[in-house]
Peer 1: 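Following this message is one structure expressed as C-alpha coordinates.
Here the structure is a predicted model, which is why all the values come from computation and not from measurement. Chain letters run A, B, ... following the sequence lines, proteins first, then strands; residues in each count from 1.
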Protein chains: 2
Amino acid sequence: METFKAHLDKFITINDEEFASIISFFQVLKVKKKENLMLEGDVCKFKYFVLEGCLRKFFINEKGVEQTTEFAIETWWMSDTFAFEKQMKSSFNIQSVENSRILAIDYQSQELLLEKHPVMERYFRMVYQTAYAAAEKRIRYIYEMTKEEYYVHFSTLYPWFIQRIPQYLIASFLGFTPEYLSEIRAKLRS
Amino acid sequence: METFKAHLDKFITINDEEFASIISFFQVLKVKKKENLMLEGDVCKFKYFVLEGCLRKFFINEKGVEQTTEFAIETWWMSDTFAFEKQMKSSFNIQSVENSRILAIDYQSQELLLEKHPVMERYFRMVYQTAYAAAEKRIRYIYEMTKEEYYVHFSTLYPWFIQRIPQYLIASFLGFTPEYLSEIRAKLRS
(Lines give C-alpha, C1' and ligand atoms only; values in the text may rest on other atoms or scores of the structure.)
Protein backbone atom coordinates (compact mmCIF):
# COMPACT_ATOMS: atom_id res chain seq x y z
CA MET A 1 0.00 0.00 0.00
CA GLU A 2 3.03 2.25 0.45
CA THR A 3 3.31 2.38 -3.33
CA PHE A 4 -0.07 4.10 -3.53
CA LYS A 5 0.62 6.47 -0.64
CA ALA A 6 3.98 7.49 -2.13
CA HIS A 7 2.26 7.99 -5.47
CA LEU A 8 -0.50 10.18 -3.99
CA ASP A 9 2.11 12.22 -2.11
CA LYS A 10 3.50 13.36 -5.46
CA PHE A 11 0.21 15.08 -6.29
CA ILE A 12 -1.63 15.96 -3.09
CA THR A 13 -1.08 16.44 0.63
CA ILE A 14 -2.89 13.95 2.86
CA ASN A 15 -2.20 12.67 6.36
CA ASP A 16 -2.19 9.01 7.45
CA GLU A 17 -5.76 9.16 8.71
CA GLU A 18 -7.02 10.51 5.38
CA PHE A 19 -5.03 7.89 3.52
CA ALA A 20 -6.57 5.13 5.65
CA SER A 21 -10.00 6.44 4.72
CA ILE A 22 -9.10 6.83 1.01
CA ILE A 23 -7.68 3.33 0.73
CA SER A 24 -10.84 1.85 2.30
CA PHE A 25 -12.70 2.66 -0.95
CA PHE A 26 -10.43 0.29 -2.89
CA GLN A 27 -10.18 -3.49 -3.11
CA VAL A 28 -6.77 -5.14 -3.32
CA LEU A 29 -6.59 -7.89 -5.94
CA LYS A 30 -3.92 -10.45 -6.60
CA VAL A 31 -3.99 -11.72 -10.15
CA LYS A 32 -1.95 -14.39 -11.83
CA LYS A 33 -0.16 -13.90 -15.14
CA LYS A 34 -2.61 -13.94 -18.07
CA GLU A 35 -5.65 -13.69 -15.79
CA ASN A 36 -8.55 -11.73 -17.28
CA LEU A 37 -9.81 -8.74 -15.33
CA MET A 38 -12.35 -7.63 -17.90
CA LEU A 39 -13.68 -9.22 -21.08
CA GLU A 40 -15.06 -7.52 -24.18
CA GLY A 41 -18.82 -7.18 -23.68
CA ASP A 42 -18.55 -6.87 -19.88
CA VAL A 43 -19.76 -3.69 -18.22
CA CYS A 44 -16.58 -1.85 -17.24
CA LYS A 45 -17.02 -2.06 -13.47
CA PHE A 46 -13.55 -1.11 -12.28
CA LYS A 47 -10.64 1.23 -12.64
CA TYR A 48 -7.32 -0.47 -11.81
CA PHE A 49 -4.15 0.90 -10.26
CA VAL A 50 -1.05 -1.28 -10.52
CA LEU A 51 0.83 -1.71 -7.20
CA GLU A 52 3.08 -4.40 -8.63
CA GLY A 53 3.13 -6.15 -11.98
CA CYS A 54 1.76 -5.26 -15.37
CA LEU A 55 -1.59 -5.17 -17.16
CA ARG A 56 -2.51 -4.76 -20.80
CA LYS A 57 -5.62 -3.69 -22.67
CA PHE A 58 -6.48 -5.26 -26.00
CA PHE A 59 -9.27 -5.95 -28.44
CA ILE A 60 -9.79 -8.73 -30.95
CA ASN A 61 -9.44 -7.31 -34.44
CA GLU A 62 -11.42 -8.38 -37.50
CA LYS A 63 -8.77 -10.99 -38.32
CA GLY A 64 -9.37 -12.52 -34.87
CA VAL A 65 -5.98 -11.35 -33.65
CA GLU A 66 -5.41 -9.72 -30.24
CA GLN A 67 -4.47 -6.07 -30.73
CA THR A 68 -2.83 -4.59 -27.62
CA THR A 69 -3.41 -0.84 -27.30
CA GLU A 70 -2.05 -0.08 -23.83
CA PHE A 71 0.15 -1.35 -21.02
CA ALA A 72 0.10 -0.34 -17.34
CA ILE A 73 2.97 -0.97 -14.96
CA GLU A 74 3.51 0.14 -11.32
CA THR A 75 1.64 3.37 -10.42
CA TRP A 76 -0.25 3.50 -13.73
CA TRP A 77 -4.01 3.36 -14.01
CA MET A 78 -5.92 1.23 -16.47
CA SER A 79 -9.58 1.09 -17.45
CA ASP A 80 -11.84 1.70 -20.41
CA THR A 81 -12.40 5.31 -19.34
CA PHE A 82 -15.46 5.91 -21.52
CA ALA A 83 -17.19 2.65 -20.55
CA PHE A 84 -16.29 3.09 -16.86
CA GLU A 85 -17.70 6.60 -16.59
CA LYS A 86 -20.90 5.62 -18.43
CA GLN A 87 -21.02 2.19 -16.73
CA MET A 88 -21.43 0.65 -20.17
CA LYS A 89 -20.21 -2.49 -21.85
CA SER A 90 -16.59 -2.29 -22.90
CA SER A 91 -15.21 -3.32 -26.25
CA PHE A 92 -11.80 -4.00 -24.69
CA ASN A 93 -10.24 -6.79 -22.64
CA ILE A 94 -7.95 -6.19 -19.66
CA GLN A 95 -5.52 -8.95 -18.73
CA SER A 96 -2.46 -9.27 -16.49
CA VAL A 97 0.88 -9.65 -18.24
CA GLU A 98 2.66 -10.69 -15.03
CA ASN A 99 1.53 -11.88 -11.60
CA SER A 100 0.23 -8.59 -10.26
CA ARG A 101 -1.07 -6.83 -7.20
CA ILE A 102 -3.56 -4.13 -8.03
CA LEU A 103 -6.07 -1.76 -6.51
CA ALA A 104 -9.57 -1.73 -7.96
CA ILE A 105 -12.28 0.85 -7.45
CA ASP A 106 -15.83 0.58 -8.76
CA TYR A 107 -17.86 3.53 -10.04
CA GLN A 108 -20.06 3.88 -6.96
CA SER A 109 -17.07 3.79 -4.62
CA GLN A 110 -15.28 6.35 -6.76
CA GLU A 111 -18.23 8.73 -6.47
CA LEU A 112 -18.32 8.27 -2.67
CA LEU A 113 -14.55 8.70 -2.47
CA LEU A 114 -14.67 11.96 -4.43
CA GLU A 115 -17.51 13.23 -2.27
CA LYS A 116 -15.75 12.42 0.99
CA HIS A 117 -12.25 13.44 -0.19
CA PRO A 118 -12.52 16.29 -2.70
CA VAL A 119 -8.71 16.44 -2.74
CA MET A 120 -8.95 13.29 -4.87
CA GLU A 121 -10.57 15.42 -7.59
CA ARG A 122 -7.24 17.23 -7.80
CA TYR A 123 -5.36 13.94 -7.87
CA PHE A 124 -7.50 12.48 -10.65
CA ARG A 125 -7.44 15.79 -12.54
CA MET A 126 -3.65 15.49 -12.64
CA VAL A 127 -3.73 11.79 -13.50
CA TYR A 128 -6.09 12.32 -16.45
CA GLN A 129 -4.22 15.44 -17.52
CA THR A 130 -0.97 13.47 -17.66
CA ALA A 131 -2.69 10.58 -19.45
CA TYR A 132 -4.21 12.97 -21.98
CA ALA A 133 -0.86 14.72 -22.53
CA ALA A 134 0.71 11.30 -23.21
CA ALA A 135 -2.11 10.45 -25.63
CA GLU A 136 -1.55 13.77 -27.49
CA LYS A 137 2.12 12.83 -27.85
CA ARG A 138 1.26 9.32 -28.95
CA ILE A 139 -1.14 10.60 -31.62
CA ARG A 140 1.57 12.91 -32.91
CA TYR A 141 4.03 10.01 -33.09
CA ILE A 142 1.49 8.04 -35.09
CA TYR A 143 1.31 10.89 -37.60
CA GLU A 144 5.02 11.49 -37.63
CA MET A 145 6.76 8.14 -37.42
CA THR A 146 6.60 4.85 -39.19
CA LYS A 147 5.99 1.96 -36.83
CA GLU A 148 9.66 0.99 -37.19
CA GLU A 149 10.72 4.50 -36.15
CA TYR A 150 8.24 4.38 -33.27
CA TYR A 151 9.77 1.11 -32.06
CA VAL A 152 13.29 2.58 -32.17
CA HIS A 153 12.09 5.72 -30.39
CA PHE A 154 10.25 3.68 -27.79
CA SER A 155 13.08 1.24 -27.14
CA THR A 156 15.59 4.08 -26.85
CA LEU A 157 13.45 6.01 -24.36
CA TYR A 158 12.19 2.99 -22.42
CA PRO A 159 14.70 0.12 -22.79
CA TRP A 160 13.61 -1.39 -19.43
CA PHE A 161 10.06 -1.52 -20.74
CA ILE A 162 11.06 -3.41 -23.86
CA GLN A 163 13.10 -5.81 -21.69
CA ARG A 164 10.20 -6.45 -19.36
CA ILE A 165 7.30 -7.02 -21.77
CA PRO A 166 7.17 -10.30 -23.74
CA GLN A 167 8.15 -9.73 -27.36
CA TYR A 168 4.89 -11.02 -28.81
CA LEU A 169 3.01 -8.37 -26.82
CA ILE A 170 5.33 -5.59 -27.97
CA ALA A 171 4.65 -6.84 -31.50
CA SER A 172 0.90 -6.81 -30.80
CA PHE A 173 1.14 -3.26 -29.47
CA LEU A 174 3.00 -2.11 -32.58
CA GLY A 175 0.74 -4.00 -34.95
CA PHE A 176 3.68 -6.13 -36.13
CA THR A 177 3.89 -9.87 -36.47
CA PRO A 178 6.37 -11.32 -33.94
CA GLU A 179 8.53 -12.38 -36.92
CA TYR A 180 8.67 -8.85 -38.28
CA LEU A 181 9.64 -7.48 -34.84
CA SER A 182 12.50 -10.03 -34.68
CA GLU A 183 13.70 -8.81 -38.08
CA ILE A 184 13.72 -5.16 -36.92
CA ARG A 185 15.54 -6.11 -33.73
CA ALA A 186 18.13 -8.04 -35.69
CA LYS A 187 18.60 -5.08 -38.03
CA LEU A 188 19.04 -2.70 -35.06
CA ARG A 189 21.66 -4.94 -33.47
CA SER A 190 23.70 -5.16 -36.65
CA MET B 1 -19.92 34.26 -21.49
CA GLU B 2 -23.20 32.39 -21.12
CA THR B 3 -21.65 29.60 -23.22
CA PHE B 4 -19.04 29.01 -20.53
CA LYS B 5 -21.52 29.24 -17.64
CA ALA B 6 -23.89 26.79 -19.32
CA HIS B 7 -20.95 24.48 -19.99
CA LEU B 8 -19.74 24.60 -16.36
CA ASP B 9 -23.30 23.93 -15.17
CA LYS B 10 -23.14 20.54 -16.85
CA PHE B 11 -20.30 19.47 -14.56
CA ILE B 12 -20.42 21.47 -11.33
CA THR B 13 -22.76 23.60 -9.23
CA ILE B 14 -21.72 27.24 -8.88
CA ASN B 15 -23.71 30.39 -8.19
CA ASP B 16 -23.47 33.67 -10.13
CA GLU B 17 -21.06 35.18 -7.66
CA GLU B 18 -18.69 32.23 -7.93
CA PHE B 19 -18.95 32.32 -11.70
CA ALA B 20 -18.06 36.04 -11.72
CA SER B 21 -14.97 35.21 -9.70
CA ILE B 22 -14.06 32.20 -11.87
CA ILE B 23 -14.39 34.10 -15.12
CA SER B 24 -12.12 36.88 -13.80
CA PHE B 25 -9.17 34.47 -14.13
CA PHE B 26 -9.67 34.29 -17.90
CA GLN B 27 -9.00 36.69 -20.75
CA VAL B 28 -11.45 36.97 -23.63
CA LEU B 29 -9.78 37.00 -27.03
CA LYS B 30 -11.20 37.75 -30.44
CA VAL B 31 -9.19 36.19 -33.22
CA LYS B 32 -9.58 36.45 -36.95
CA LYS B 33 -9.64 33.46 -39.26
CA LYS B 34 -6.13 31.97 -39.72
CA GLU B 35 -4.69 34.01 -36.85
CA ASN B 36 -1.92 32.25 -34.94
CA LEU B 37 -2.40 31.79 -31.21
CA MET B 38 0.75 29.78 -30.65
CA LEU B 39 3.73 28.97 -32.84
CA GLU B 40 6.01 25.95 -32.71
CA GLY B 41 8.92 26.86 -30.41
CA ASP B 42 6.82 29.21 -28.26
CA VAL B 43 6.41 28.43 -24.58
CA CYS B 44 2.84 27.16 -24.28
CA LYS B 45 1.47 30.01 -22.17
CA PHE B 46 -2.27 29.43 -22.51
CA LYS B 47 -5.07 26.95 -22.46
CA TYR B 48 -7.95 27.97 -24.76
CA PHE B 49 -11.69 27.43 -24.47
CA VAL B 50 -13.75 28.12 -27.60
CA LEU B 51 -16.83 30.30 -26.97
CA GLU B 52 -17.52 30.69 -30.68
CA GLY B 53 -15.59 29.57 -33.74
CA CYS B 54 -13.00 26.91 -34.32
CA LEU B 55 -9.30 26.32 -33.63
CA ARG B 56 -6.88 23.72 -34.90
CA LYS B 57 -3.57 22.34 -33.71
CA PHE B 58 -0.92 21.31 -36.20
CA PHE B 59 2.77 20.68 -36.69
CA ILE B 60 4.99 20.99 -39.74
CA ASN B 61 6.04 17.52 -40.84
CA GLU B 62 9.41 16.57 -42.31
CA LYS B 63 8.09 17.26 -45.82
CA GLY B 64 7.29 20.82 -44.72
CA VAL B 65 3.56 20.13 -44.83
CA GLU B 66 1.12 21.22 -42.11
CA GLN B 67 -0.22 18.17 -40.31
CA THR B 68 -3.41 18.95 -38.35
CA THR B 69 -3.87 16.70 -35.31
CA GLU B 70 -6.84 18.29 -33.53
CA PHE B 71 -9.79 20.65 -33.93
CA ALA B 72 -11.70 22.50 -31.20
CA ILE B 73 -15.15 23.97 -31.70
CA GLU B 74 -17.56 25.60 -29.22
CA THR B 75 -17.09 24.40 -25.59
CA TRP B 76 -13.93 22.42 -26.41
CA TRP B 77 -10.55 23.11 -24.87
CA MET B 78 -7.29 23.29 -26.77
CA SER B 79 -3.68 23.48 -25.68
CA ASP B 80 -0.47 21.50 -25.79
CA THR B 81 -1.26 19.87 -22.46
CA PHE B 82 2.25 18.60 -21.76
CA ALA B 83 3.98 21.89 -22.68
CA PHE B 84 1.36 23.95 -20.79
CA GLU B 85 1.69 22.01 -17.55
CA LYS B 86 5.49 22.08 -17.71
CA GLN B 87 5.52 25.65 -19.11
CA MET B 88 7.83 24.43 -21.84
CA LYS B 89 8.25 25.17 -25.52
CA SER B 90 5.61 23.54 -27.67
CA SER B 91 6.23 21.64 -30.86
CA PHE B 92 2.72 22.47 -32.10
CA ASN B 93 1.01 25.48 -33.66
CA ILE B 94 -2.48 26.64 -32.69
CA GLN B 95 -4.41 28.68 -35.25
CA SER B 96 -8.02 29.81 -35.69
CA VAL B 97 -9.95 28.14 -38.51
CA GLU B 98 -12.78 30.72 -38.31
CA ASN B 99 -13.20 34.15 -36.73
CA SER B 100 -13.41 33.06 -33.11
CA ARG B 101 -14.13 34.26 -29.61
CA ILE B 102 -12.17 32.35 -27.01
CA LEU B 103 -11.26 32.28 -23.36
CA ALA B 104 -7.58 31.98 -22.47
CA ILE B 105 -6.05 31.16 -19.13
CA ASP B 106 -2.34 31.18 -18.33
CA TYR B 107 -0.63 28.69 -16.03
CA GLN B 108 -0.27 31.05 -13.07
CA SER B 109 -3.93 32.10 -13.28
CA GLN B 110 -4.99 28.46 -13.52
CA GLU B 111 -3.10 27.65 -10.31
CA LEU B 112 -4.73 30.62 -8.53
CA LEU B 113 -8.14 29.66 -9.90
CA LEU B 114 -7.81 26.08 -8.64
CA GLU B 115 -6.65 27.30 -5.25
CA LYS B 116 -9.55 29.73 -4.86
CA HIS B 117 -12.19 27.48 -6.46
CA PRO B 118 -11.37 23.83 -5.73
CA VAL B 119 -14.63 22.90 -7.45
CA MET B 120 -12.76 23.64 -10.68
CA GLU B 121 -10.53 20.64 -9.90
CA ARG B 122 -13.67 18.53 -10.36
CA TYR B 123 -14.55 20.36 -13.56
CA PHE B 124 -11.09 19.90 -15.08
CA ARG B 125 -10.95 16.29 -13.85
CA MET B 126 -14.08 15.63 -15.90
CA VAL B 127 -12.81 17.60 -18.90
CA TYR B 128 -9.52 15.69 -19.01
CA GLN B 129 -11.27 12.41 -18.32
CA THR B 130 -13.55 12.98 -21.32
CA ALA B 131 -10.63 14.11 -23.46
CA TYR B 132 -8.65 11.03 -22.46
CA ALA B 133 -11.61 8.73 -23.14
CA ALA B 134 -11.91 10.29 -26.61
CA ALA B 135 -8.17 9.80 -27.20
CA GLU B 136 -8.47 6.12 -26.17
CA LYS B 137 -11.24 5.72 -28.76
CA ARG B 138 -9.23 7.56 -31.38
CA ILE B 139 -6.19 5.36 -30.82
CA ARG B 140 -8.39 2.28 -31.20
CA TYR B 141 -9.79 3.66 -34.48
CA ILE B 142 -6.25 4.17 -35.72
CA TYR B 143 -5.51 0.48 -35.04
CA GLU B 144 -8.80 -0.73 -36.40
CA MET B 145 -9.65 1.37 -39.43
CA THR B 146 -7.97 2.45 -42.61
CA LYS B 147 -7.97 6.22 -43.04
CA GLU B 148 -10.74 5.85 -45.63
CA GLU B 149 -12.88 3.91 -43.13
CA TYR B 150 -12.10 6.52 -40.49
CA TYR B 151 -13.28 9.28 -42.81
CA VAL B 152 -16.54 7.44 -43.53
CA HIS B 153 -17.03 6.76 -39.81
CA PHE B 154 -16.25 10.36 -38.94
CA SER B 155 -18.48 11.89 -41.62
CA THR B 156 -21.37 9.59 -40.68
CA LEU B 157 -21.12 10.43 -36.98
CA TYR B 158 -20.34 14.13 -37.42
CA PRO B 159 -21.70 15.31 -40.80
CA TRP B 160 -22.05 18.89 -39.51
CA PHE B 161 -18.36 18.85 -38.62
CA ILE B 162 -17.32 17.79 -42.11
CA GLN B 163 -19.57 20.51 -43.54
CA ARG B 164 -18.06 23.17 -41.34
CA ILE B 165 -14.32 22.53 -41.68
CA PRO B 166 -12.58 23.45 -44.94
CA GLN B 167 -11.82 20.35 -46.98
CA TYR B 168 -8.07 20.94 -47.12
CA LEU B 169 -7.97 20.87 -43.31
CA ILE B 170 -10.00 17.66 -43.12
CA ALA B 171 -7.48 16.24 -45.59
CA SER B 172 -4.61 17.51 -43.42
CA PHE B 173 -6.19 15.90 -40.33
CA LEU B 174 -6.55 12.57 -42.13
CA GLY B 175 -3.10 12.73 -43.66
CA PHE B 176 -4.61 12.75 -47.17
CA THR B 177 -3.83 15.06 -50.05
CA PRO B 178 -6.86 17.28 -50.83
CA GLU B 179 -7.07 15.49 -54.22
CA TYR B 180 -7.30 12.08 -52.59
CA LEU B 181 -10.03 13.31 -50.23
CA SER B 182 -12.02 14.57 -53.24
CA GLU B 183 -11.70 11.13 -54.83
CA ILE B 184 -13.04 9.40 -51.68
CA ARG B 185 -15.91 11.88 -51.43
CA ALA B 186 -16.79 11.29 -55.08
CA LYS B 187 -16.69 7.53 -54.51
CA LEU B 188 -18.99 7.86 -51.47
CA ARG B 189 -21.49 9.95 -53.38
CA SER B 190 -21.68 7.48 -56.27
Peer 1: Below 4.5 Å, heavy-atom pairs only: which of A/Glu85, A/Arg138, A/Arg125 has the largest tally toward chain B?
Peer 2: A/Arg125

Peer 1: What about A/Tyr128 and A/Tyr132, are their ring centers closer than 6.0 Å?
Peer 2: no

Peer 1: Looking at B/Asn61, B/Val127, B/Thr81, which has the largest count of heavy-atom pairs under 4.5 Å with chain A?
Peer 2: B/Thr81

Peer 1: Could you tell me which portion of B/Phe173 (side chain, backbone, both or neither) has an atom closer than 4.5 angstrom to a non-hydrogen atom of chain A?
Peer 2: both

Peer 1: For chain B, which candidate among A/Glu136, A/Glu144, A/Arg122, A/Arg140 shows the most heavy-atom pairs at distances under 4.5 Å?
Peer 2: A/Arg140

Peer 1: Taking the six-membered ring for Trp and the single ring otherwise, decide whether the centroids of B/Phe124 and B/Trp77 are under 6.0 Å apart.
Peer 2: yes

Peer 1: Are A/Tyr151 and A/Arg185 close enough, and set up right, to give a side chain to side chain donor-acceptor pair (under 3.5 Å), and what steps lead you there?
Peer 2: CA-CA 9 Å; A/Tyr151 175 74; A/Arg185 287 165 56 90; 3.2 Å; yes

Peer 1: With a 4.5 Å cut-off on side-chain heavy atoms, are A/Leu174 and A/Phe154 touching?
Peer 2: no

Peer 1: Just give me the residue among B/Phe82, B/Phe59, B/Phe92 that pairs up with chain A most often, heavy atom to heavy atom, under 4.5 Å.
Peer 2: B/Phe59

Peer 1: Check whether A/Phe84 gets within reach of chain B through its side chain, its backbone, both or neither, counting any heavy atom under 4.5 Å.
Peer 2: neither

Peer 1: Counting only non-hydrogen atoms closer than 4.5 Å, does B/Glu70 touch chain A with its backbone (N, CA, C, O), its side chain (CB onward), both, or neither?
Peer 2: side chain

Peer 1: Please find out if less than 6.0 Å separates the ring center of B/Phe4 from that of B/Phe26.
Peer 2: yes

Peer 1: Heavy atoms only, distances under 4.5 angstrom: which of A/Ala135, A/Ala134, A/Ala131 has the most pairs with chain B? Name it, please.
Peer 2: A/Ala131

Peer 1: Measuring heavy-atom distances to chain A, does B/Ser91 have an atom under 4.5 Å in its side chain, in its backbone, in both, or in neither?
Peer 2: both

Peer 1: Establish, yes or no, whether a centroid distance under 6.0 Å links the rings of B/Tyr123 and B/His117.
Peer 2: no

Peer 1: Need one label for B/Gln67: side chain, backbone, both or neither, based on atoms under 4.5 Å from any heavy atom in chain A.
Peer 2: side chain

Peer 1: Side-chain contact, heavy-atom cut-off 4.5 Å: A/Arg164 with A/Glu98?
Peer 2: yes

